[in-house]
Amino acid sequence: MTIRLRLTLWFSGILAAALIVLCVAIYFFVNMNTYDDTKTQLRDQADSYDIVKYENGLNQIDLNIKRNSPFYEKDFYVQLVNYKEGVIKTSGELQINGIKFPIPEAKTNPDYGYKKAVLNTNAGEVAFLIYQKPIPNNTDGTLIGLLQVGTVVASEENYLAGLRVILILSSLICLIIAFTVGLFMARKALQPIERVVHATEKIQSGSDLSVRIPIEGPKDEIGHLVYTLNIMLSRIEMAYNGLDESYKAQRRFVSDASHELRTPLTTIRGNIELLQRMWSKTLEPDEAGDIVLALDSQRYELSNEAMQDIAAEARRMSTLVNDLLALARADAGYEMEKTTQPMLPIVEEVGRRAGLLPRNAEWRIGDLTALDGYLVHGNADYLQQLLFIFIENAFKYTPSGWIEMSATRRENQLGIIIKDTGIGMNPKEVPHIFDRFYRADESRGKTVGTGLGLSIAKWIIDEHRGSIEVTTMEEEGSTFVIWLPIDFSPQPASIIIEGTDRIED
C-alpha cells in the first residue's frame with residue numbers, strides 16, 4: 001500500500017468518525033426539540049383531567065373522568081384503564097378508528113413517562129406518542145388505574161426519518177468527495193518526493209555525480225529535504241572524486257615506484273652476471289692441476305666498477321625505501337613530536353653541513369639575522385631534513401653559478417630563502433613539483449634522485465603549519481621561500497642556583 005493511499009485512508013477514517021459524531025449529535029438535538037413541545041402538551045393535557053373514583057364496596061372502585069373536563073380535546077386520544085374492575089374506557093376517536101393503546105401490567109407499577117408505539121388503525125399503521133399517568137389509591141397508595149394520553153406523531157417520525165436519510169447520504173457523499181480530493185491532494189503533495197525518487201534513480205543509474213535534484217515549490221519540509229539531499233550528494237561527489245584521485249595517485253605511485261626500482265635492480269643484476277662470467281674465467285688449473293685464481297688488471301678494474309655501480313644503486317634503493325617509508329608515515333597520519341625550537345641554530349647547522357656536500361656551484365650563506373631570537377614550534381630533525389631537501393635539490397639542478405641561503409621575517413612568520421642560478425623550470429610545472437616522483441626534467445634519469453624529496457618537504461611544511469613560495473624561470477634559476485609561524489608562547493625561565501652548577505627550569 002502506497003503512502004498516498006495510506007494517508008488518504010487515515011484522513012477519510014478521521015473524517016468519517018467526525019461525521020458520525022456530528023450526525024448523531026444533530027439527530028439527537030433535532031429529535032429532542034421535535035418531541036419536546038409534544039411531550040409538554042401531552043403531560044399538560046393529562047394533568048388537566050379530573051379523575052373521579054367511586055367505591056362500590058367489596059374493594060371495587062370505579063374510575064371516570066368528569067364531563068366538564070376536555071375529554072375530547074382535538075388531536076389527543078385518551079384511554080382510561082381500571083386495574084380493579086378490568087374496565088377500559090377510550091375516547092371517541094380511539095373507538096372510531098378501532099385503536100387500543102397497549103396496556104402495561106399493573107405489577108410493573110409504571111412511572112410517569114412516554115412511550116412510542118406504532119398501532120394498526122383503519123388508515124393503516126400510525127405512529128403514536130403516549131404519555132402514561134398512574135392513578136394510585138388514596139388509602140394505601142396501590143395502583144388502581146392508568147391514564148394514557150396519546151397523539152399522532154407520524155409527521156415528526158417522517159421528518160426524523162428524512163433527516164436520517166439526509167445525514168447518512170450527505171455523510172457518504174462527503175466521504176466519497178473527501179477520499180477523491182484527498183487522494184488527489186496527497187498525490188500533489190507527494191509529487192516532489194516522486195521527483196526526488198526519479199532524480200536519485202537517475203543519479204544511481206548514471207555515472208555523472210554532478211547531477212542535482214531541482215528545487216521547486218515553497219521551502220517547506222520537502223524543500224528542506226531536497227536541499228539536504230543536494231548537500232549530501234555534493235559531499236558524496238567530493239568524497240568520490242577524492243577517492244578517484246587517490247586511486248589514480250596510487251596507480252601512478254605504483255607505476256613510478258616500479259619504474260624507479262626497476263632501473264637499479266637491472267643495473268645490479270647485470271653487474272652481478274658480469275662478475276659471474278668474469279670470475280668463472282679467472283679460475284684456471286696450474287701445472288700441478290690445482291685450481292688457482294688468475295686475475296689481470298683489466299678484469300680487476302671491471303670488477304671494481306661493477307661493485308661501485310652495485311653500491312651506488314644499493315644506496316639509491318636505500319634512499320628510495322627511506323623516502324617511501326616517510327611518505328607512508330605521512331599517509332598513515334603520523335604526527336611528529338614537536339617542541340619549541342630556536343630557528344637560528346638549526347639553520348646555521350644546516351648551512352655548515354651543506355658546505356660539505358658535493359656540488360658544482362658555489363655555496364653561500366647570506367644574512368640570517370632575521371631569525372635571531374625567534375622560536376618555532378616544530379621538530380628539529382625534520383626541519384633540518386626540510387632544508388637539506390631544498391638545498392640538495394638546488395645543488396642537483398645548478399650545474400654552475402651559486403646557491404644562497406638567507407632569512408627574512410614577515411609579521412608573525414619566519415622565512416628561509418634558498419635561491420639558485422640553476423636551470424630553473426617552466427612556471428606551469430610549479431603546481432606539480434610536490435607530486436610524488438615528479439621531476440621538472442621530463443626525461444627521467446637526467447638528474448639523479450627519486451622524485452620524492454619535495455613531496456616529503458611538503459608534508460613536513462604542512463605538519464609545521466607553514467607554507468612555501470616558489471619563483472622560477474627557465475635557465476634563470478629558482479627561489480624557494482619556506483614560511484614557518486613564530487611561536488610566541490611564554491617560555492619557562494631558567495633559574496641558576498648559586499653555589500651549584502645545576503640549571504633548573
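Residue numbers start at 1 and run along the sequence shown.
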What is the minimum heavy-atom distance between [X] and [Y], and which atoms define it?
| X | Y | value |
| --- | --- | --- |
| Pro427 | Thr472 | CG-O, 3.9 Å |
| Pro485 | Arg465 | CD-O, 3.6 Å |
| Glu411 | Ile486 | O-CD1, 4.1 Å |
| Lys39 | Tyr114 | O-OH, 3.0 Å |
| Arg409 | Ala370 | N-CB, 4.0 Å |
| Ile461 | Ser467 | CG2-N, 3.5 Å |

Could you state the interatomic distance from [atom1] ([X]) to [atom2] ([Y]), rounded to the nearest 0.5 Å?
| X | Y | atom1 | atom2 | value |
| --- | --- | --- | --- | --- |
| Ile433 | Lys458 | CD1 | NZ | 10.5 Å |
| Thr398 | Trp363 | OG1 | CH2 | 10.5 Å |
| Ile391 | Gln384 | CD1 | CD | 10.5 Å |
| Lys396 | Leu357 | NZ | CG | 12.5 Å |
| Leu484 | Tyr374 | CG | OH | 14.5 Å |
| Ser455 | Ile460 | OG | CD1 | 11.0 Å |

Just checking, is any N or O donor in the side chain of [X] or [Y] under 3.5 Å from an acceptor N or O on the other one?
| X | Y | value |
| --- | --- | --- |
| Thr471 | Thr479 | no |
| Thr340 | Asp487 | yes |
| Ser155 | Glu157 | no |

Measuring only between side-chain heavy atoms, which start at C-beta, is [X] closer than 4.5 Å to [Y]?
| X | Y | answer |
| --- | --- | --- |
| Val347 | Met405 | yes |
| Leu19 | Cys174 | yes |
| Tyr397 | Asp420 | no |
| His464 | Leu383 | yes |
| Thr38 | Glu156 | yes |
| Glu463 | Lys338 | yes |

**Prompt:** Just wondering, more than 12 heavy atoms not from Phe11 lying within 6.0 Å of its CZ?
**Reply:**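 For Phe11, atom CZ is not crowded (no more than 12 foreign heavy atoms under 6.0 Å).
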
Any residue meeting side chain to side chain contact (heavy atoms under 4.5 Å, CB included) with [X], in chain and number order, not counting sequence neighbours:
| X | value |
| --- | --- |
| Glu348 | Leu344, Leu368 |
| Val30 | Ile26, Thr34, Tyr159, Leu160, Leu163 |
| Ala178 | Leu15 |
| Ala239 | none |

**Request:** For the pair Phe480 and Phe390, name the ring-plane relationship: parallel under 30°, tilted 30 to 60°, perpendicular over 60°.
**Result:**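 Tilted: the ring planes of Phe480 and Phe390 meet at 30° to 60°.
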
**Message:** For Leu375 and Gln341: C-alpha separation, side-chain torsions, deciding distance, then whether side chain to side chain contact (heavy atoms under 4.5 Å, CB included) applies.
**Reply:** CA-CA 5 Å; Leu375 306 175; Gln341 302 285 343; over 6 Å; no

**side-chain hydrogen bond (donor to acceptor under 3.5 Å, both in side chains): pairs with one or both residues in residues 7-32, sequence neighbours excluded** = Tyr27-Arg164

**Asked** Does the pair Thr408 and Trp483 meet the rule for a side chain to side chain contact (heavy atoms under 4.5 Å, CB included), with working shown?
**Response** CA-CA 9 Å; Thr408 184; Trp483 294 102; 3.7 Å; yes

Just by distance, do the side chain of [X] and the backbone of [Y] share a donor-acceptor pair under 3.5 Å?
| X | Y | value |
| --- | --- | --- |
| Asn33 | Phe29 | yes |
| Arg364 | Gly366 | no |
| Asn379 | Tyr382 | yes |

**Item:** Qualifying residue, where the test is side-chain contact (heavy atoms from CB on, under 4.5 Å) with Val481 and the options are Ile418, Ile417, Ile468
**Value:**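 Of all the options given, the one that passes is Ile417.
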
**Prompt:** Can Glu469 and Arg410 be counted as an ion pair, charged N to O under 4.0 angstrom?
**Reply:**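 Result for this pair is yes, salt bridge flagged.
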
**Message:** What verdict does the side chain to side chain contact (heavy atoms under 4.5 Å, CB included) test give for Gln385 and Ile456, after you've listed the backbone C-alpha separation in whole Å, the side-chain angles of each residue and the deciding distance to 0.1 Å?
**Reply:** CA-CA 9 Å; Gln385 182 181 1; Ile456 298 173; 3.8 Å; yes

**Message:** Under the ring-ring contact (aromatic ring centres under 6.0 Å, His included) definition, can you give me all pairs with a residue in residues 173-194, not counting sequence neighbours?
**Reply:** none

